[in-house]
> 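Pasting a structure here, questions to come.
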Amino acid sequence: MVNMTYVEASRLAVREAMQGDPTVWCVGEDLGRGSVFGQYLGLQDEFGPDRVVDTPISEAAIMGAAFGAAMVGTRPIVEMRFSDFALCATDELVNQIAKARFMFGGQSRAPMVIRKPIGIWRSSAAQHSQSLESWYVHIPGLVVLCPATPQDNYSMMKAAIACDDPVVYLEHKNIWSMQGEVDTTIRAELGKASLRRKGRDVTIVSWSETANLCVHAAATLAEQGIDAEVIDLRSLWPWDKGMVLDSVRKTGRLVVAHESVAVGGFGGEVVATVAEMAGDALKGPVRRLGAPRSLVAYAPNLEDKMRVTKDMIVTGAKETLGK
Amino acid sequence: MVNMTYVEASRLAVREAMQGDPTVWCVGEDLGRGSVFGQYLGLQDEFGPDRVVDTPISEAAIMGAAFGAAMVGTRPIVEMRFSDFALCATDELVNQIAKARFMFGGQSRAPMVIRKPIGIWRSSAAQHSQSLESWYVHIPGLVVLCPATPQDNYSMMKAAIACDDPVVYLEHKNIWSMQGEVDTTIRAELGKASLRRKGRDVTIVSWSETANLCVHAAATLAEQGIDAEVIDLRSLWPWDKGMVLDSVRKTGRLVVAHESVAVGGFGGEVVATVAEMAGDALKGPVRRLGAPRSLVAYAPNLEDKMRVTKDMIVTGAKETLGK
Amino acid sequence: MDKSHNTQTARDLLVMMERIRAFEEQAILAAERDNLVLGAIHPSIGQEACAAGIMTHFNRDDILLSTHRGHGHTLAKGADPLAMMRELLGRTGGCCGGKGGSMHIADFGVGMLGANGVVGANITIAAGAAHGLKMLGKSAIVVDIFGDGAANRGPFLEGINWASVFDLPILFVCEDNQYSATTKTSAMTGGPGVAARAEALGLRATVVDGNDAEAVARTTHEITTRLRAGGGPEFLHAITYRQTGHTSFDPASYRPDGEAEKSIADNDPIARQRAVLGAMGLDRAALKAIHDMAQAEMVQVLADASATPFPGDETAFTDVQDLGSPVQEAR
Amino acid sequence: MDKSHNTQTARDLLVMMERIRAFEEQAILAAERDNLVLGAIHPSIGQEACAAGIMTHFNRDDILLSTHRGHGHTLAKGADPLAMMRELLGRTGGCCGGKGGSMHIADFGVGMLGANGVVGANITIAAGAAHGLKMLGKSAIVVDIFGDGAANRGPFLEGINWASVFDLPILFVCEDNQYSATTKTSAMTGGPGVAARAEALGLRATVVDGNDAEAVARTTHEITTRLRAGGGPEFLHAITYRQTGHTSFDPASYRPDGEAEKSIADNDPIARQRAVLGAMGLDRAALKAIHDMAQAEMVQVLADASATPFPGDETAFTDVQDLGSPVQEAR
Ligand SMILES: Cc1ncc(C[n+]2csc(CCOP(=O)(O)OP(=O)(O)O)c2C)c(N)n1
Ligand SMILES: Cc1ncc(C[n+]2csc(CCOP(=O)(O)OP(=O)(O)O)c2C)c(N)n1
Ligand SMILES: [Mg+2]
Ligand SMILES: [Mg+2]
């Protein structure tokens with residue numbers, strides 16, 4: 001067990017993967033300087049500029065070229081800097097990378113990790129704050145991961161690099177410096193949720209930074225005598241329907257909370273799945289928490305209005321219990 | 001009342017709008033030849049090449065330039081040919097057009113209609129068959145429309161052109177030749193659903209081509225003594241929650257059916273909303289029908305495996321009734 | 001080079017062109033006469049000299065990426081025409097198992113990493129393939145062929161700049177048939193032309209008569225020699241003409257009167273190559289034999305392909321992904 | 001031009017440059033000393049000659065689009081520095097109501113249609129603004145300023161080709177400060193340079209010393225004269241230097257030792273313009289007065305901006321859209 005930050009955890013995972021497999025490499029803008037948040041600090045020194053590749057500001061080419069290199073036998077880790085800029089490479093990701101294996105009848109593979117830091121972070125405004133995980137879940141061919149802790153950011157990054165599918169890997173910008181114990185022997189099984197807290201009264205489903213808020217909310221709820229179960233999905237595709245359904249069958253209550261816009265968010269998928277498959281187990285109204293369908297503004301007070309807060313989660317949980 | 005096809009209906013709407021407002025214009029590839037499906041036939045002859053503008057194969061520029069022209073006071077109708085190619089202009093649509101009004105504090109407007117023909121159509125394979133309506137619903141700033149009939153394709157196109165918001169306008173490629181009566185005096189109120197069939201037993205919610213299938217399914221259900229209510233949302237943002245909730249409160253049963261991939265589709269939003277707001281009215285399991293999370297193949301039998309069929313809708317409705 | 005060598009090469013070029021044309025003629029028949037090809041096909045009739053000439057100098061382990069108009073390139077790279085025709089018909093045994101169709105034809109076994117339904121998209125992907133090969137220390141080289149219309153898409157700049165910056169072993173070919181679907185490309189393309197664009201991105205660029213198979217092959221040979229010797233990325237602008245409509249369904253009535261007829265009469269690459277071989281001494285009978293052999297091959301290919309069943313329904317859900325595949329989900 | 005005219009122009013250029021620098025110095029203080037600017041700001045210190053020189057020849061009803069490093073351009077286009085500073089501080093009365101911040105600064109009232117947080121994105125949008133103006137029969141012209149890094153993004157090709165094909169009244173300026181964030185742009189840019197790229201897309205291209213305000217203004221005047229006379233789109237490559245880090249937080253330790261120091265010492269555009277005015281006869285006191293006036297103005301601007309309240313919470317949900325706005329939804 002080592003104590004490290006969220007950013008250090010995925011950096012270590014990348015480093016170990018690169019040490020273990022010479023075909024693993026990183027590609028993106030300013031990687032030699034560590035990229036925007038230090039995710040690659042020191043890696044170019046260790047592995048050289050041919051394996052930690054600085055690129056032009058060409059998101060379409062970064063994504064497309066990494067895909068081409070993947071098809072001939074390398075395993076690229078693609079850095080998009082802010083998930084927002086990845087939109088400049090949407091054709092490459094959605095029409096090419098996600099579809100190639102199927103379209104070519106299984107001839108090609110795209111073992112790639114596509115890193116897109118997400119989330120609201122310090123007055124960055126509408127073009128640097130998006131979380132579009134639900135988009136990628138909707139695209140067959142893609143795996144979608146949202147680690148929320150240093151441990152998961154280590155283990156899941158390792159598993160993502162080892163995976164032969166294209167993986168959209170969404171780190172949250174607001175928790176780079178989050179500290180935690182990391183056991184480097186733990187191997188993530190992608191698609192399995194993390195039970196962050198066991199409880200009997202209400203099931204709270206979440207992922208990414210919001211999952212951490214839910215753990216805090218559960219502590220507050222406990223003080224009020226409500227025993228919440230907190231499930232951090234961490235993998236949105238595939239996602240751990242089993243754990244969620246079992247939990248709801250136990251508690252009969254459901255709150256889903258995420259940072260991204262509620263309308264069309266993955267929270268809808270979770271609620272709809274529960275309604276379809278365990279609707280009869282529900283003993284109270286469900287609550288879905290996400291951002292209003294507005295944009296993230298620059299001014300801090302306006303930015304705050306787009307956030308799902310601990311208090312909102314507490315209130316939501318109580319509402320499912322009719323309290 | 002005039003009998004016309006789906007493609008003629010929107011063409012007429014565009015034509016009348018261009019006759020009525022000299023700032024309305026069309027921009028895209030091969031428009032002078034009518035575009036891929038004849039949506040613009042004759043318009044360049046009538047309005048000249050400066051208002052029906054043929055462009056280079058530059059989706060990003062088509063979208064971006066149309067936006068620039070909108071900001072200085074014109075009202076562009078943007079043709080993306082296949083919705084799939086619109087992914088080449090995702091930054092322009094999502095980061096720029098959808099966000100500008102808010103980001104600039106209300107200084108700018110983007111009165112644009114962005115046409116993206118969607119859907120499975122005649123062995124076109126994975127890169128020419130997508131329906132990504134749920135993506136756009138998730139993006140604040142955008143209006144999302146999915147007309148399913150000639151009448152709606154006339155009235156809604158008219159309303160879309162008149163609207164000052166950027167409108168993502170999704171016509172279905174498979175129904176261009178669908179015939180129907182069109183009353184050109186009907187004005188669409190965007191956001192209001194269309195009650196395609198009144199019924200008491202089960203609520204079927206749908207849009208685009210699948211809504212037409214639902215009407216047929218309802219006829220079959222009627223023969224079996226099941227009285228289905230069919231709601232064609234036609235506008236996905238804003239969407240007519242009121243009509244859906246009222247209907248479910250009446251029938252207690254819900255089926256949502258759409259062509260796009262079920263996982264992460266807008267069907268999840270509908271089901272989740274009902275679960276949140278009228279969960280207690282549900283008297284049976286809900287059913288959500290959409291494509292499996294796979295890709296549209298070229299071979300016709302494989303392509304068919306991705307379709308939601310009339311039979312599936314019938315079966316789904318019966319399941320909600322425990323039959 | 002001695003004369004016999006020249007004749008053999010020239011003959012090979014003609015054979016390949018005849019085969020490509022025969023393949024596409026059969027494909028068009030399959031589409032229009034037989035209703036067996038359900039999706040769109042984009043014939044390269046009139047452009048065969050590019051495919052034949054270029055691929056002469058690429059080996060099986062070299063990499064090719066192409067476009068929606070890629071039958072010729074694929075065949076010339078060494079793909080099996082029966083597997084290709086089955087793909088066009090969406091049948092089992094098609095090179096993509098019937099899942100891709102004409103627009104997504106690919107044969108990884110011969111280094112053909114895919115046509116593409118998105119104009120220009122392969123430019124960055126091809127640059128990346130070259131990047132990967134270089135990284136892995138492989139000696140193979142890459143060729144990416146795209147149309148004149150693709151030069152107006154962003155990936156043209158990003159992909160070619162990428163190859164330039166990373167000094168990759170790749171040849172970009174603009175196979176310029178002068179049309180982008182129904183539009184004359186020149187009207188939509190600013191500046192002196194695509195070669196100038198490539199030069200401005202740092203590539204050596206060559207212009208060639210794309211209907212002269214000999215010239216295309218010769219020029220490609222010079223370029224690939226430099227590429228294999230470690231030279232940087234290059235660009236070839238091959239000027240040709242699309243004798244058919246954009247798709248097999250397109251009557252192409254937008255073309256100026258007589259334009260196509262004139263090109264077919266005076267500038268058909270197969271006729272020109274026949275003349276080359278005629279000048280080298282091949283008689284009409286020999287030329288006819290080449291033509292007939294190609295025809296017979298592809299008639300048989302279509303017959304065999306049509307006799308093949310459609311893929312098993314279960315393949316609609318295979319090869320999507322490992323994790324969370326639709327097959328797993330259905331369990 | 002007579003001497004008095006020259007002096008007045010030269011003085012105006014210096015005044016504008018001093019104001020831009022003073023504005024940004026105050027903004028940096030606000031960010032670093034006072035913690036009042038919460039998001040990133042990208043100073044254009046060292047690049048003021050471009051903003052001042054170019055904007056001299058654009059009128060209020062002409063259109064400007066800029067980048068994340070756009071304070072100078074915006075101020076020079078005529079925006080109110082207090083509204084700008086309020087925007088940087090996210091306050092009410094900011095030119096975007098505090099919703100955009102530095103990276104999205106815009107003032108439609110003076111024809112400034114926005115900075116942009118996405119590198120290169122404004123190139124197509126600006127082309128479209130010019131397209132729209134032309135369509136509406138307006139006589140206004142457009143200028144779009146972007147950095148050297150933007151020349152490697154697809155929209156560079158698509159937007160400039162668009163302007164070329166539709167022959168639009170627009171000047172594209174690559175304000176080349178030699179860096180893309182922490183990377184030396186030349187290492188990532190193939191070929192002879194951005195001007196060659198623009199020429200290959202059909203634009204007339206001019207290269208200018210971007211730290212020579214007089215030269216920038218003169219060259220821009222020549223270009224805008226042609227544009228206003230109906231000439232086609234043009235390109236200006238203005239070579240300058242970013243004296244600060246990429247953002248105000250960036251120590252820029254990746255630069256070669258002494259590079260910045262040397263540019264600051266020998267090639268500061270304000271010092272150079274002071275020398276021009278000195279040669280024209282302005283004495284030190286006069287120059288100091290210009291400097292002090294700019295400083296005083298911007299110190300006051302920061303003071304006033306900091307005293308302004310944050311926007312009302314309800315504005316978090318306004319100006320999203322008319323149909324289905326969050327305000328409607330909340331009802
Ligand atoms: C990004 C994108 N835009 C538009 C299309 C539709 N489209 C298919 S082929 C074609 C013309 C392409 O012209 P060119 O690149 O010259 O190739 P050619 O068809 O002449 O071989 C167009 C516009 C597409 N497939 N992809
Ligand atoms: C599409 C996109 N990719 C990456 C970034 C991150 N980024 C912001 S500024 C910048 C450097 C831009 O360099 P240049 O265009 O030369 O402008 P400068 O900052 O030097 O003014 C980068 C990479 C971005 N904002 N947008
Ligand atoms: Mg062409
Ligand atoms: Mg720069």
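Because the structure is a prediction, the values reported are computed rather than measured.
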> Are the side chain of Ser58(B) and the backbone of Arg153(C) linked by a donor-acceptor contact shorter than 3.5 Å?
no
> Return the minimal non-hydrogen interatomic distance between Arg33(B) and Ser253(C), and the atom names on each side.
NH2-OG, 3.1 Å
> Start with the C-alpha distance between Arg293(B) and Gln321(C), add both sets of side-chain angles, then the distance that settles side-chain contact (heavy atoms from CB on, under 4.5 Å), and finish with yes or no.
CA-CA 10 Å; Arg293(B) 198 171 176 282; Gln321(C) 59 194 115; 2.7 Å; yes
> What option among Ala60(B), Ser124(B), Cys88(B), Ala61(B) has the most heavy-atom pairs under 4.5 Å with chain C?
Cys88(B)
> For Pro326(C), does its backbone N or O pair with a side-chain atom of Ser294(B) as donor and acceptor, under 3.5 Å?
no
> Would a distance-only check, ignoring hydrogens and angles, find a side-chain to backbone donor-acceptor pair under 3.5 Å from Asp313(C) to Leu302(B)?
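Absent.
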> State, to 0.1 Å, how close His104(C) and Ala125(B) come at their nearest heavy-atom pair, and which atoms those are.
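Taking His104(C) first and Ala125(B) second, the nearest heavy atoms are CD2-CB, 3.7 Å.
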> Measure distances from Phe249(C) to the heavy atoms of chain B and classify the residue's part below 4.5 Å as side chain, backbone, both or neither.
side chain
> Could you tell me which non-hydrogen atom of Thr55(B) sits nearest to which non-hydrogen atom of Met188(C), and how far apart they are?
C-SD, 3.3 Å
> Between Ala299(B) and Pro311(C), what is the shortest heavy-atom contact and its length?
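What the structure gives for the nearest pair is CB-CG, 3.7 Å.
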> Between the side chain of Tyr298(B) and the main-chain N/O of Leu88(C), is any donor-acceptor distance below 3.5 Å?
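The answer is yes, because a donor-acceptor pair under 3.5 Å joins these two groups.
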> Please report the closest heavy-atom contact between Ala181(C) and Asp30(B), naming both atoms and the distance.
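Closest approach of Ala181(C) to Asp30(B), heavy atoms only: CB-OD2, 3.2 Å.
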> Of all the heavy-atom pairs spanning Pro300(B) and Leu38(C), show the shortest one and how long it is.
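Reported closest heavy-atom pair: CG-CD1, 3.3 Å.
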